[in-house]
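Quantities reported herein were computed from a predicted structural model and do not represent experimental measurements.
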Amino acid sequence: NLPISGVTASGNDGNVPQNVLDNSLSTRWSSLGVGQFITADLGAVKNICSVDIAWYSENSRAYHFTISTSTDGSSFTQRFSGDSSGTTLNSEKYAITPVDARYVRVTVNGNTVNTWASITELDVFGSSSSALASSQYNFGPSLTLTGP
């Protein structure tokens with residue numbers, strides 16, 4: 001998984017966004033209302049291929065959500081839209097088409113019980129080098145021979 005340098009959210013009820021980074025399923029970020037979001041900052045553009053989310057009380061409700069990415073933190077493009085399984089307290093992996101981005105945003109549109117957004121852990125997976133950088137040619141030293 002990729003290191004997350006910081007996390008912000010649209011709001012919270014005292015369960016702060018940083019709780020999704022503490023590797024503990026007993027803490028969480030939560031905020032009331034459809035459209036609440038949490039944004040992870042990777043610190044630099046990385047190539048992202050999936051997001052793991054552990055949902056609060058997800059063994060008794062399914063969450064409706066989207067995952068979006070951005071390189072600048074202001075213009076986001078939706079990469080995933082769907083529901084969590086509603087069957088586990090452990091992280092679930094949501095694959096996206098690999099994309100270069102610095103910011104990953106999870107927007108929660110309620111769940112099957114209420115309109116709370118509540119996430120216990122958030123991880124982003126991919127590679128530290130962007131696809132753009134890895135696809136560029138590397139021209140090393142060359143040798144040209146001439147002669148009879």
Side-chain angles (χ1 to χ4, degrees), residues 1-140:
N1 63 341
L2 297 169
I4 297 174
S5 64
V7 65
T8 57
S10 54
N12 71 77
D13 67 344
N15 292 298
V16 296
Q18 292 74 16
N19 288 346
V20 304
L21 304 179
D22 66 3
N23 294 314
S24 172
L25 295 175
S26 64
T27 63
R28 69 184 187 274
W29 160 74
S30 54
S31 191
L32 180 60
V34 171
Q36 296 298 304
F37 61 84
I38 188 165
T39 306
D41 180 356
L42 302 176
V45 172
K46 311 283 184 179
N47 189 254
I48 301 164
C49 63
S50 68
V51 178
D52 280 17
I53 303 171
W55 301 95
Y56 175 74
S57 289
E58 210 246 328
N59 58 342
S60 63
R61 68 193 72 186
Y63 286 84
H64 317 299
F65 69 101
T66 62
I67 298 172
S68 303
T69 62
S70 172
T71 55
D72 63 8
S74 39
S75 176
F76 283 82
T77 302
Q78 184 174 299
R79 306 293 178 183
F80 177 93
S81 178
D83 295 337
S84 66
S85 72
T87 61
T88 182
L89 296 176
N90 295 317
S91 290
E92 293 184 318
K93 183 173 291 297
Y94 305 99
I96 62 172
T97 300
V99 62
D100 289 343
R102 175 176 172 171
Y103 301 92
V104 176
R105 176 171 287 173
V106 178
T107 302
V108 184
N109 297 304
N111 60 62
T112 54
V113 174
N114 55 43
T115 59
W116 279 94
S118 198
I119 295 174
T120 57
E121 288 298 307
L122 178 66
D123 289 293
V124 178
F125 290 83
S127 62
S128 57
S129 62
S130 74
L132 179 63
S134 63
S135 68
Q136 294 176 342
Y137 292 102
N138 180 11
F139 295 101

CA sep, side-chain torsions, deciding dist, call: S31, N12, side-chain hydrogen bond (donor to acceptor under 3.5 Å, both in side chains): CA-CA 4 Å; S31 191; N12 71 77; over 6 Å; no
Geometric class of the Y94/W55 ring pair [parallel <30°, tilted 30-60°, perpendicular >60°]: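 Aromatic pair W55/Y94 classed perpendicular.
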Qualifying residue for side chain to side chain contact (heavy atoms under 4.5 Å, CB included) with F65, from D83, N111, V106: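 It is V106, the one option of D83, N111, V106 that forms the side chain to side chain contact (heavy atoms under 4.5 Å, CB included) with F65.
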Sole residue of D52, I48, I96, L2 in side chain to side chain contact (heavy atoms under 4.5 Å, CB included) with F125: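 Per the side chain to side chain contact (heavy atoms under 4.5 Å, CB included) rule, the option paired with F125 is D52, out of D52, I48, I96, L2.
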Side-chain donor/acceptor of T112 to backbone N/O of A62, under 3.5 Å: yes
Criterion salt bridge (charged side-chain N to carboxylate O under 4.0 Å, His left out) on D41 and R102, from CA distance to verdict: CA-CA 6 Å; D41 180 356; R102 175 176 172 171; 2.8 Å; yes
Separation between CG of N23 and OG1 of T120, rounded to the nearest 0.5 Å: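 OG1 of T120 is found 10.5 Å from CG of N23.
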Spacing of CG belonging to L122 relative to CD1 belonging to I53, to within rounding of 0.5 Å: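 Between atom CG of L122 and atom CD1 of I53 there are 6.0 Å.
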Close side-chain approach of [X] to [Y], heavy-atom, < 4.5 Å:
| X | Y | result |
| --- | --- | --- |
| I119 | W29 | yes |
| V7 | V20 | yes |
| T115 | Q36 | no |
| R79 | S68 | no |
| V104 | V51 | yes |
| T8 | P17 | no |
| N1 | V124 | no |

Residues in side chain to side chain contact (heavy atoms under 4.5 Å, CB included) contact with T107, at least two apart in sequence or another chain: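 Expected list: F37, T66, R105, N109.
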Results of side chain to side chain contact (heavy atoms under 4.5 Å, CB included) for D22 - residues two or more places apart only: N19, S24, T27, E121
Ring centres under 6.0 angstrom apart (Y63, Y56): no
Minimum heavy-atom separation for [X] to [Y], with atom names?
| X | Y | value |
| --- | --- | --- |
| G126 | C49 | CA-SG, 3.9 Å |
| A54 | L25 | CB-CD2, 3.7 Å |
| S30 | S118 | CB-OG, 3.5 Å |
| V108 | A117 | CB-CB, 3.5 Å |
| T71 | D100 | CG2-O, 3.6 Å |
| S127 | K46 | O-CB, 3.5 Å |

Non-neighbouring partners of S84 that pass side chain to side chain donor-acceptor pair (under 3.5 Å), sequence neighbours left out: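 Side chain to side chain donor-acceptor pair (under 3.5 Å) list for S84, sorted by chain: E58.
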